Amino acid sequence: MHDINSLWESNDTIYRILDIVDDEYLVIDCIKRCNPTFIKMTDLESATAITEEELRQRAGITIRDNLSSQELAECNRRYTIIKDIFNVIGSDIQRCEQLRTMAKLNNHSIRGVKKWLYKYAAFQDMRVFAPKEQTVKELTEDQKNFRWALNKFYYTRHGKNLSDTYICLIKEKYCDAEGKILPNRPTMFQFRHFFKKHRNLQTEYISRDGLKDYQMNHRPLLGDGVQQFAPTIGTGMLDSTICDIYLCDNQGNVVGRPVLTACVDAYSGMCCGYSLGWEGGMYSLRTLLTNVISDKIVHCRSFGIEITRDQWPCQELPATLVTDKGSEYASMNFEQLAELGITIVNLPAFRPELKGRVEKLFDLIQTSYKPHLKGRGVIQTDFQKRGGHDYRRDASLTLRDFESIIIHSIIYHNNRRMLEKFPYTEDMLKLEVPPFPVSIWSYQKERGLGNLVAVTSEMLIAVMLPRTTGKFTRKGLVVNRLRYACDGFAEEFLKGGKVIVAYNPDDVSHVYLVEQGFKKFELIESRFLGANLSQVEETHQKQRELMDKYSEAALQGRIDLVAHIQTIAEQRSIKPTDKLKSIRETRKMEQQENHIDLLKELNDGKL
């Protein structure tokens, strides 16, 4: 009788004894590795014993010792799947049932699990599940040419398609001096096979379309959403867009497309404020932030829209503002908000997905009004295409009309748009907080979780004003060549010195001394009250031009004056006497001689 797990060769077949039942052996063919069978003991009486090493050589199997942790883990996983099946391998019914169960449970095919089972039964070592050790094959000459062509013509900023790359390959590498194709050229099928086998999508996207396009459109989305950097309310995302509609003035004249600027809370998705107008840049940004802290009830009422406080509850600035590389956000004026305790986060350029909340707001607002304003100036997909409709001719809404539509759209967005994928907490689920931006904002605010900054409109506007250097003089505080005064600064006016001043380009009537908590200085030169800086500069320029115009005449006058003085002095030169004691009598005589009776002169007609 032979032992269990022993190996025997009979009739060019290698058997492994898996079990002994009565006078039969349960064996498996270690080369073919098919279903185990029972054979009589007498069938192996003349068989020859072989070793494990001989079996592996005959079967072409190599048991690796230098397995990596990942490979060892995979071996253990496969062994775990088949070990219970191996215990009933001698029963066809139980083996089949277990195969079906384990295959379904682990999402594998029955054929694949059976292959693992018989391989382990034949070699009795779970390391046979490890993949063969990879050996790096040296590229053939054709494959080197394939890689050269892909790098030169395909993986470039202006890369060709695969067919054109193949044509360039044949032209450069498989043509003679006269441009005739050589007989040993590879086929397009071989080139495409090499490309698919060695294709790296990340490299392809970056090399052909650039890193920015890859990060924006193709990169794996593995983050935890905006809540990853905005764990509570108080992170505002700012951006601007040009609306897809043409507007007109009250007389029906086409004005153009308005600029919409918005601030959206990253955590709740609520629109904190907006700005709509014809000017962008820093002007629209100041208007936006002023709207964020304004009383929304009063603002909406000015458009004939009645709302309650809880429909638009934001009257504070987010403590963190997220912007892109726009010129208005990169300006020094915007960075001055840090003086209010606000953190500015500048995102890389061309990365709109990093501020997806505000981008989504623009999309929702434009989607909400476009279907209902067709034929009223709304731009369609054929905009600027040859033969396309000129939508400027359809403009029939004024800026005020359109702003009313924007306000209604924002109120809907804040109060009725569902945030289906918002990461609810257990407490929010327990309280059944509605999945609307305003509800989530209010929930966080009521629990003191908001990261907000309270600021007055005057302070906000003053902080965002442009700044320049002013100079204290005896004539006042000189800023932009204008003089300003304020009580309590006599010492500064006398001492002099330079200071930082905030000024309003739209009205030069006053400036703010930054170092004194934005102390207000009033304009001394009343002629410029209410004027803007451009008008002042224009007045100064005209005055300079006028002075330049008559400067030559003034110089000529001075020269003529000197000439007259010198002529008179030379013609009437009297030698003075030494009689200095009679100056008083001489002066009295000269007064009498030169005295004029004005009334007599008038009567005589001399005046």
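What you see is a predicted model, and the numbers here were worked out from it, not measured in a lab.
The closest donor-acceptor contact from the side chain of Lys370 to the backbone of Ile245 lies at 3.5 Å or more, if one exists at all. Ser91 contributes no side-chain N or O that, together with a main-chain N or O of Val88, makes up a donor-acceptor pair within less than 3.5 Å. Of the possible donor and acceptor atoms, one in the side chain of Lys296 sits under 3.5 Å from a partner among the backbone N and O of Val292. Between the side chain of Asn414 and the backbone N or O of Cys271 there is at least one donor-acceptor pair closer than 3.5 Å. Distance alone, capped at 3.5 Å, is enough to place a donor-acceptor pair between the Thr101 side chain and the Glu97 backbone. Arg357 contributes a side-chain N or O that, together with a main-chain N or O of Ala266, makes up a donor-acceptor pair within less than 3.5 Å. A donor-acceptor pair under 3.5 Å is absent between the side-chain atoms of Asn76 and the main chain of Ala73, judged by distance alone. Not a single donor-acceptor pair under 3.5 Å links the side chain of Asn291 to the backbone N or O of Thr287. Side chain of Asn532 to main chain of Gln535: a donor-acceptor pair is present (N/O by atom type, distance under 3.5 Å, no hydrogens or angles). Formation of a donor-acceptor pair under 3.5 Å by the Asp507 side chain with backbone atoms of Ser509 is found in this model.
In this structure, Arg208 forms a cation-pi arrangement with Tyr154, its terminal cationic atom sitting closer than 6.0 Å to the ring centre and no more than 45° off the ring axis. Figure legend: Arg416 and Phe436 shown as a cation-pi pair, the cationic atom lying under 6.0 angstrom from the six-membered ring centre and within 45 degrees of its axis.
Atom-to-atom distance recorded for Leu533:CG and Leu482:CG is 7.5 Å, nearest 0.5 angstrom. Rounded to the nearest 0.5 angstrom, Ile500 CD1 and Arg467 CZ are separated by 8.5 Å.
With sequence neighbours excluded, the residues forming a side chain to side chain contact (heavy atoms under 4.5 Å, CB included) with Asp310 are Thr308, listed by chain and number.
For residues 273-285, no pair satisfies salt bridge (Lys or Arg N to Asp or Glu O under 4.0 Å), with sequence neighbours left out.
Between Asp125 and Lys119, none of the side-chain N atoms (NZ, or NE/NH1/NH2) sits under 4.0 Å from a carboxylate O, so this pair counts as no salt bridge. Salt bridge status for Glu71 with Arg78: absent, with no side-chain N to carboxylate O gap under 4.0 Å. Salt bridge Glu74/Arg77: present, at least one basic N to carboxylate O contact under 4.0 Å. Under the 4.0 Å criterion applied to side-chain N and carboxylate O atoms, Arg157 and Asp209 are not assigned as salt-bridge partners.
Aromatic pair Tyr503/Tyr512: ring centres not closer than 6.0 Å. Ring centers of Tyr120 and Phe86: under 6.0 Å apart, within the cut-off. Aromatic ring centres of Tyr267 and Phe422: separated by under 6.0 Å. If you look at Trp312 and His299, their ring centroids are not closer than 6.0 Å.
Annotation for Leu288 and Cys263: closest pair CD1-N, 3.7 Å, computed over non-hydrogen atoms. Closest non-hydrogen pair, Arg95 versus Ile89, comes out as NH1-O, 2.7 Å. Between Cys486 and Lys519, the shortest heavy-atom distance links the atoms SG-CE, 3.7 Å. Ile297 approaches Asp295 most closely through the heavy-atom pair N-OD1, 3.0 Å. The shortest non-hydrogen separation linking Asn250 to Thr398 is OD1-CG2, 3.5 Å. Taking each heavy atom of Leu361 and Ala262 in turn, the nearest pair found is CD2-CB, 3.8 Å.
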Chi angles and distances behind the side chain to side chain donor-acceptor pair (under 3.5 Å) call for Tyr443, Asp427: CA-CA 10 Å; Tyr443 169 84; Asp427 186 58; 2.5 Å; yes

Working for side-chain contact (heavy atoms from CB on, under 4.5 Å), residues Arg417 and Lys360: CA-CA 12 Å; Arg417 177 177 173 264; Lys360 186 62 177 178; 3.8 Å; yes

CA sep, side-chain torsions, deciding dist, call: Ile411, Ile305, side-chain contact (heavy atoms from CB on, under 4.5 Å): CA-CA 10 Å; Ile411 293 173; Ile305 303 172; 4.1 Å; yes

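Residue-environment remark: OH (Tyr79) stays at or below the threshold of 12 foreign heavy atoms within 6.0 Å. Remark: Arg392 CZ is loosely packed, at most 12 non-hydrogen atoms of other residues, nucleotides or ligands lying under 6.0 Å away. Within 6.0 Å of atom CD in Glu306, more than 12 heavy atoms from other residues, nucleotides or ligands are found, so the atom counts as buried in its surroundings. Enclosure of atom CG in Leu201 by more than 12 non-hydrogen atoms of other residues, nucleotides or ligands within 6.0 angstrom is indicated.
For the residue pair Ser240/Thr261, the side-chain donor-acceptor check at 3.5 Å is satisfied. Side chains of Gln366 and Tyr369: a donor on one and an acceptor on the other come within 3.5 Å. No side-chain donor-acceptor contact under 3.5 Å links Ser404 and Asp401. In this model, no donor atom of one side chain and acceptor atom of the other lie less than 3.5 Å apart for Asn504 and His510.
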Taking distance alone, no hydrogens or angles, what donor-acceptor pairs closer than 3.5 Å link side-chain atoms of residues 448-466 to residues at least two apart or in another chain?
from: Thr456; atom 1: OG1; to: Met459; atom 2: N; distance (Å): 3.2

